[in-house]
Amino acid sequence: MQQVHRQEKEQFKKLFQQEHIDRFEDRFHILEIFLQTEEHLTADELIEVLEKSGYRLSADFVRDTLRLMCRFGFASKNRFDNGVVRYEHFHLGQHHDHMICTKCKSIFEFRNDRLEDLQLQIAASRGFHMLQHRMEIYGICNDCLQDRTQAIPLGAAKQGERLMIKEITGGSGARMRLLTMGLRIGDQVEVITNQNRGQMVIAVDFKRFVLGKGLAEKILVGQVA
Ligand SMILES: [Zn+2]
Ligand SMILES: [Zn+2]
Ligand SMILES: [Zn+2]
């Protein structure tokens, strides 16, 4: 990677000077600090790292430089899970894909040549000439999964999770309400949506249920046995 980064800096110097881009030295510092991280950073996070390294640059200037870095192919941006824009290195010929934990928001990189080939084949089989793709796997990372051995309130479960109802708290009132809805302990639940802090939609046996926040907190769920 050291070698690659050295080449990136040389090309950056060449391109930015050739294009007469202003404040070259400051922009070069931003590139250097950016290349020292191996993360998927927001503009604000990069500004923070720059400040820690002793570079006080205006947010607008850093954002502008990031924009240029994307335009000239030194960085690429991605909006994972409809969240904020994140930037990462863009190294020529070094494609990778991402796994994103919906719980702790960690981002993991991977590359699988069979998967890459398969995507090309699928596209080609439709007479489609693939130019690029974005492969993002959303789920729960290994660390977060360890925590899931404990029962959690259904309200805290993430979209797409499949869990089992372990316990219903909140007295007989809540239990009765759930029973009349047709939900009981041992049911396997799939979280269809759980975005706004209000209602959530779950599915049990191909049927959808809308639950209010209060009720969702009273249902304790855990890993499917
Ligand atoms: Zn890929
Ligand atoms: Zn996680
Ligand atoms: Zn990445």
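In each ligand, atom 1 is the first atom listed, and ligand 1 is the first ligand listed.
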Fit a plane to each ring of F16 and F72, take the angle between them on a 0 to 90° scale, and name the class: parallel (under 30°), tilted (30 to 60°) or perpendicular (over 60°).
tilted
Of all the N, O or S atoms in E109, the one nearest to the Zn ion (ligand 3) is OE2
NZ or CZ of R23 within 45° of F61 ring axis and under 6.0 Å
yes
Do the side chains of E10 and R6 get close enough for a salt bridge, i.e. N-O under 4.0 angstrom?
no
Could you tell me whether the Zn ion (ligand 3) has an N, O or S atom of H98 under 2.8 Å away? yes
Note: SG(C144)-the Zn ion (ligand 2)-SG(C104) angle, rounded to 10 degrees, equals 110°
Tell me whether H96 has at least one N, O or S atom under 2.8 Å from the Zn ion (ligand 1).
no
Whether K13 engages the ring of F28 as a cation-pi pair (distance to the six-membered ring centre under 6.0 angstrom, angle to the ring normal within 45°) should be assessed. yes
Checking distances from the Zn ion (ligand 1), one finds that the N, O or S atom of E116 closest to it is OE2
For E88, the N, O or S atom at the shortest distance from the Zn ion (ligand 3) is OE1
- Between E161 and N194, a side-chain donor and acceptor under 3.5 Å: no
Closest to the Zn ion (ligand 1), among the N/O/S atoms of D97, is atom OD2
ask   = With a 4.0 Å cut-off, would you call R63 and D44 a salt bridge?
value = yes
